[in-house]
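Reading through the structure tokens given below for one structure.
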Amino acid sequence: MLTRSNEEALSVGASAVPFTAATRAAAKRATVNVQVAPVRIRVGATAPTATVGDIWNVGDNYEIIGNDLHNWQAIAVGASATLFCRFYR
């Protein structure tokens, strides 16, 4: 069973951002709730853009597991967004 280790309200704007390294440290899983405005995300070496990547809409909830935590990035589609993230280890 995993235990909650940390959480953050991640601000997402016009530049792609990853999870904050200190808050995801040692995490094996994260849950993410999209708040305020839609974002696009990508997992891997290529960052998302405002027009390329999987779109996550306000109110959506997602789970990121394992190495994807280290390769995940988000960017706002238009207005700045907030992602509420909980990390588990």
Side-chain angles (χ1 to χ4, degrees):
M1 180 173 198
L2 297 176
T3 303
R4 187 175 351 172
S5 60
N6 219 331
E7 59 186 38
E8 74 174 316
L10 183 63
S11 296
V12 181
S15 296
V17 295
F19 292 126
T20 304
T23 57
R24 71 159 164 70
K28 298 182 186 314
R29 175 179 167 251
T31 58
V32 180
N33 174 259
V34 182
Q35 302 176 350
V36 183
V39 297
R40 288 194 183 268
I41 69 100
R42 285 183 99 169
V43 175
T46 305
T49 69
T51 58
V52 177
D54 295 328
I55 192 155
W56 290 6
N57 290 300
V58 174
D60 288 351
N61 293 289
Y62 293 92
E63 181 177 60
I64 297 100
I65 299 171
N67 288 333
D68 288 349
L69 291 166
H70 303 282
N71 300 314
W72 177 96
Q73 295 182 71
I75 191 168
V77 172
S80 293
T82 300
L83 302 176
F84 187 74
C85 311
R86 287 189 173 106
F87 299 90
Y88 300 84
R89 59 178 173 185

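Any value given below was found using the heavy atoms of this structure, including those in side chains, with hydrogens, waters and symmetry copies removed.
Separating the CZ atom in F87 from the OG1 atom in T31 is a distance of 8.5 Å, to the nearest 0.5 Å. Once rounded to the nearest 0.5 Å, the distance linking CG of D68 with CZ of R29 reads 14.0 Å.
Counting heavy atoms from C-beta outward, I41 and P48 have side chains that stay 4.5 Å or more apart. Side-chain atoms of V58 and P38, non-hydrogen and from C-beta on, do get closer than 4.5 Å to each other. No side-chain heavy atom of R42 sits under 4.5 Å from any side-chain heavy atom of Q73. Two residues are said to be in side-chain contact when any heavy atoms from C-beta on lie closer than 4.5 Å; L83 and F19 fail this criterion.
Nearest heavy-atom pair, A37 versus A79, reported as atom, atom and distance to 0.1 Å: CB-O, 3.6 Å. Contact detail for A81 and V39: the closest heavy-atom pair is CB-CG1, 3.5 Å. Closest approach of A9 to T82, counting heavy atoms only: CB-CG2, 4.1 Å. For the pair L69 and R24, the tightest heavy-atom approach, listed with the atom from each and the gap, is O-CD, 3.4 Å.
Side-chain contact check for Q35 and N33: at least one donor-acceptor pair (N or O, by modelled atom type) lies under 3.5 Å.
Ring planes of W56 and W72: tilted class, angle from 30 to 60°.
A donor-acceptor pair under 3.5 Å is formed between the side chain of E8 and the backbone N or O of T20. Between the side chain of R86 and the backbone N or O of E7 there is no donor-acceptor pair closer than 3.5 Å.
Linking ILVMFWY side-chain heavy atoms closer than 4.5 Å, directly or via other members, places V43 and L10 in a single hydrophobic cluster. Residues V17 and V77 do not share a hydrophobic cluster, defined by chaining ILVMFWY side chains whose heavy atoms lie under 4.5 Å apart. One hydrophobic cluster, built from ILVMFWY side chains closer than 4.5 Å, cannot hold both V34 and I75; they sit in different ones.
Dense packing is recorded around CG of N61, with more than 12 heavy atoms of other residues, nucleotides or ligands lying under 6.0 Å away.
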